[in-house]
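Data first, discussion second: the structure below is written as structure tokens.
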Amino acid sequence: MSKGITSREESYANWYTDIIKKAGLADHSAVRGCMVIKPYGFGIWENMRDQLDRMFKETGHVNAYFPLFIPKSFLSKEAEHVEGFAKECAVVTHHRLMNDPNGNGVVVDPSAKLEEELIVRPTSETIIWNTYKDWINSYRDLPLLINQWANVVRWEMRTRLFLRTTEFLWQEGHTAHATKQEAVEEAEQMLHIYAKFAEEYMAMPVIKGRKTPNERFAGAEDTYTIEALMQDGKALQSGTSHFLGQNFAKAFDVKFLNQNQKEEYVWATSWGVSTRLMGGLIMTHSDDAGLIVPPKLATTHAVIVPIPKPGPEIDEAAEKIMKALKDKGIFVKYDTDKKKRPGFKFAEYELQGIPVRIGIGKRDLEKGQVELARRDTGEKTQVPLDAAAGVVEQLLDEIQNNLFQKALDYRAAHTSSADDFDTFKEILEDKGGFISAHWDGTTETEKKIKELTKATIRCIPLDNEQEEGKCILTGQPSKERVLFAKAY
RNA sequence: CGGGGUGUAGCGCAGUCCGGUUAGCGCACCUGUUUUGGGAACAGGGGGCCGCAAGUUCGAAUCUUGCCACCCCGACCA
């Protein structure tokens with residue numbers, strides 16, 4: 001179908017990598033596990049970032065920036081936190097290089113050893129709470145609603161473009177509150193914002209839920225998550241929001257005087273989404289012909305292809321349409337490259353996932369028409385030149401909705417329930433997806449199921465229906481179903 | 001970290017087993033001509049530390065040793 005893209009059927013993993021590389025989103029870099037995000041990929045990320053940033057600001061958050069480096073001692077102040085991250089930290093031990101006495105380039109200067117090692121942040125709770133200690137004294141200083149856009153480093157054993165890279169870009173919100181209830185509400189609010197963003201902008205349906213204690217963030221009392229389902233039947237944890245209780249406040253001694261003049265520890269949340277969302281975006285919509293970008297995140301909404309090449313009449317028609325589209329706030333590109341033939345351009349823009357293609361040829365113009373082709377369905381229609389911009393605007397809405405609906409249908413078709421372990425395993429084998437099943441509530445059972453099937457509990461859905469049942473593995477009583485899946 | 005694989009032009013590969021002129025092919029790139037409604041054709045042209053290092057040899061992309069990097073599968077992973 002498309003040149004150089006492995007089909008999903010042949011190898012989903014290779015298809016995924018091919019899409020990213022051929023569409024120009026990102027590349028492997030010279031550094032192990034780290035990627036170069038190319039202009040096209042970064043443009044889509046910028047659109048995500050800008051929209052999320054608006055949503056954060058609308059809910060009263062402000063941006064700040066904290067250091068990349070964290071003193072080693074900070075990390076160990078919260079016991080669970082350090083345990084969760086210790087195995088994947090990049091550590092700075094020296095601050096100077098020198099010429100190799102043996103003439104082989106440069107070497108680390110042993111005399112420049114740091115007194116205390118610095119950790120490249122895997123997440124910023126510790127450095128931020130160490131700072132909050134100085135910022136918070138009174139209930140009047142609360143709530144503190146801060147977000148930062150940053151890069152973090154987690155030295156994972158195995159990496160995949162966008163889904164799990166050694167260094168990645170993300171935002172991390174860190175809030176401080178006077179009461180437990182307010183903090184819980186904040187954590188829930190941010191989860192809803194993530195879900196709204198995923199569904200309305202990425203056209204990626206998500207399940208909102210809570211993590212089991214075993215899958216919780218290191219140092220959290222409760223972790224909320226949005227879980228999406230990819231085309232290969234695997235789940236992708238797409239965003240998390242944590243209620244941190246008073247754990248970090250206690251670890252960093254962050255207290256405030258309440259209105260009754262009593263000293264109290266602050267209540268905390270943290271929440272984040274990362275460039276992993278790009279992976280979710282790709283795997284939710286794209287096909288064997290290439291990337292598909294939902295219009296609300298597209299850097300270019302429509303592209304005009306002159307057929308067979310630019311010329312006075314076609315240019316004039318293109319100008320007209322471009323002006324009308326720009327007036328509507330729609331980004332359009334006119335491809336005037338004379339070296340490439342139309343067929344090549346068609347394939348190229350499909351690969352890049354541009355939502356709408358506008359073909360203008362002499363034959364069309366003689367009839368006063370242009371051809372519109374939508375990326376999601378491949379459907380082509382002839383429309384009058386004067387009406388083109390209006391139809392494109394409408395098409396973009398339709399594409400956005402259709403992508404969401406398609407993904408929703410896929411998820412519905414790949415969400416099952418199982419009441420015994422054999423059925424559970426069969427479903428996992430046959431079609432994957434989410435499986436709703438009873439679980440006895442113990443970490444031991446959860447781990448055993450993972451060991452036997454590789455499936456994990458993705459979440460306990462919010463507003464979960466209460467229902468008597470028996471654990472699929474142990475037969476112990478259970479009062480609600482949880483959502484299992486194999487995950488990225 | 002275990003298993004498998006790959007490093008030769010921007011990309012994709014052949015050549016390596018069995019050492020020997022000037023390292024080759026397709027795509028891409030440059031020039032020109034003809035083309036142009038679903039990845040154009042012809043002609044001419046440019047581009048190489050053959051992953052790195054050491055060794056064997058008259059001679060190494062090819063043999064030996066060491067190292068490095070990346071990919072896939074697994075283990076691991078808010």
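Residue numbers start from 1 in every chain, and the chains themselves are labelled A, B, ... in the order their sequence lines are given, proteins ahead of strands.
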Give the table of side-chain donor-acceptor pairs shorter than 3.5 Å for residues 85-94 of chain A, with sequence neighbours excluded, one pair per line with atom names and distance.
none

Using distance only, find each side-chain donor-acceptor pair of residues 342-358 of chain A under 3.5 Å and give its atom names and separation, not counting sequence neighbours.
from, atom 1, to, atom 2, distance (Å)
A:K345, NZ, A:D335, O, 3.4
A:K345, NZ, A:D335, OD1, 3.4
A:K345, NZ, A:D337, O, 2.7
A:Y349, OH, A:K333, NZ, 3.1
A:Y349, OH, A:D335, OD2, 2.5
A:E350, OE2, A:R357, NH1, 3.2

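Taking the centre of each ring, A:H61 and A:W271 come in below the 6.0 Å mark.
Atom NZ of A:K339 is separated from atom P of B:rA28 by 13 Å (rounded to the nearest Å). Here B:rC72 presents its P atom at 11 Å from CG of A:L163, a figure rounded to the nearest Å. As a whole-Å value, the separation of A:E156 CD from B:rC1 P is 15 Å. Between the P atom of B:rA78 and the CZ atom of A:R458 lies a distance of 10 Å, rounded to the nearest Å. A straight line from CG of A:L75 to C1' of B:rA78 spans 14 Å, rounded to a whole angstrom. Across the protein-nucleic acid pair, A:K234 atom NZ and B:rC77 atom C1' stand 13 Å apart, rounded to whole Å. We find that CD1 of A:I307 is positioned 14 Å from P of B:rU36, with the value rounded to whole Å. Residue A:D337 contributes atom CG, which lies 13 Å from atom C1' of B:rU36 at whole-angstrom precision.
Checking the phosphate oxygens (OP1, OP2) of B:rC72, a side-chain nitrogen or oxygen of A:T17 falls inside 4.0 Å. Contact annotation: A:R341 side-chain N/O to B:rA40 OP1/OP2 distance is under 4.0 Å.
Sorted by first and then second residue, the pairs that involve residues 372-387 of chain A and meet salt bridge (Lys or Arg N to Asp or Glu O under 4.0 Å), not counting sequence neighbours, are A:D287-A:R375, A:K320-A:D386, A:R374-A:D376, A:R374-A:E398. Among residues at least two apart or in separate chains, ring pair (Phe, Tyr, Trp, His ring centres under 6.0 Å) pairs with a member in residues 220-244 of chain A are A:F217-A:H242.
Comparing B:rU36, B:rG74, B:rC77 by their nearest atom to the side chain of A:P308 picks out B:rU36. Counting only heavy atoms from C-beta on, A:Q237 has its side chain closest to B:rA78 among B:rG74, B:rG37, B:rA78. The listed nucleotides are B:rG37, B:rA75, B:rA78; the one nearest the side chain of A:R154 is B:rA78. Ranking B:rC71, B:rU31, B:rG39 by closeness to the A:F344 side chain, first place goes to B:rG39. Comparing B:rC77, B:rC76, B:rA78 by their nearest atom to the side chain of A:W170 picks out B:rA78. Which of B:rG38, B:rG37, B:rA75 sits closest to the side chain of A:K454 comes down to B:rA75. Side-chain atoms of A:F168 lie closest to B:rA78 of the nucleotides B:rC72, B:rA78, B:rC77. For A:R164, counting side-chain heavy atoms from C-beta on, the closest listed nucleotide (B:rC77, B:rC76, B:rG37) is B:rC77.
Taking the C1' atoms as reference points, B:rA54 lies 32 Å from B:rG12, given to the whole Å. For B:rC18 and B:rC13, the C1' atoms lie 22 Å apart once the distance is rounded to whole Å. To the nearest whole angstrom, the two C1' atoms, one in B:rU65 and one in B:rU57, are 16 Å apart. Look at the P atom in both B:rC71 and B:rC30: the space between them is 31 Å, to the nearest Å. As rounded to the nearest Å, B:rC52 and B:rC68 have P atoms that lie 15 Å from one another. Rounded to the nearest Å, the gap between the C1' atom of B:rU62 and that of B:rU21 is 16 Å. Taking atom P on both nucleotides, B:rG15 is separated from B:rG51 by 15 Å, rounded to a whole Å. Only the P atoms considered, B:rG19 is 15 Å distant from B:rC58, to the nearest whole Å.
Counting non-hydrogen atoms under 4.0 angstrom, A:K380 reaches a base of the nucleic acid. Heavy atoms of A:W155 sit nowhere under 4.0 angstrom from any nucleic acid atom. Contacts of A:E125 with the nucleic acid, taken as non-hydrogen atoms under 4.0 Å apart, are absent. Among the atoms of the strands shown, base atoms are found under 4.0 Å from some heavy atom of A:R357.
When atom types are taken as modelled, the side chain of A:E480 and the backbone of A:N464 share no donor-acceptor pair closer than 3.5 angstrom. For the pair A:E313 (side chain) and A:L365 (backbone), a donor-acceptor distance under 3.5 Å is absent.
Nearest-nucleotide positions on RNA chain B for A:T240 and A:F346 put A:F346 closer to the 5' end. With RNA chain B read from its 5' end, the first of the two nearest nucleotides for A:E88 and A:N14 is the one closest to A:N14.
Other residues, nucleotides and ligands contribute over 12 non-hydrogen atoms within 6.0 Å of the NZ atom of A:K234. In this structure, A:W170 places its CH2 atom where more than 12 heavy-atom neighbours from other residues, nucleotides or ligands lie under 6.0 Å away. The number of heavy atoms from other shown groups lying within 6.0 Å of CD (A:Q382) is above 12.
At a threshold of 4.5 Å between non-hydrogen side-chain atoms, the residues A:I146 and A:Y132 count as touching. Residues A:Y488 and A:D232 form a side-chain contact, since some pair of their non-hydrogen atoms from C-beta on lies under 4.5 Å apart.
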Margin query: Just to be sure I follow the notation: if a pair is Watson-Crick (purine N1 to pyrimidine N3 plus N6-O4 or O6-N4) or a G-U wobble (N1-O2 and O6-N3), each under 3.5 Å, what dot-bracket string does RNA chain B give, with | for pairs to another strand?
Written below: ((((((((.[[[[.)....(...]]]].((((((.....)))))).....[[[[[..)....]]]]])))))))....

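Residue A:E350 places a side-chain atom within donor-acceptor reach of the base of B:rG38, judged by atom type and a 3.5 Å distance cut-off alone.
Contacts between residues 206-227 of chain A and RNA chain B, counted as heavy-atom distances below 4.0 Å, involve A:E215, A:R216, A:F217.
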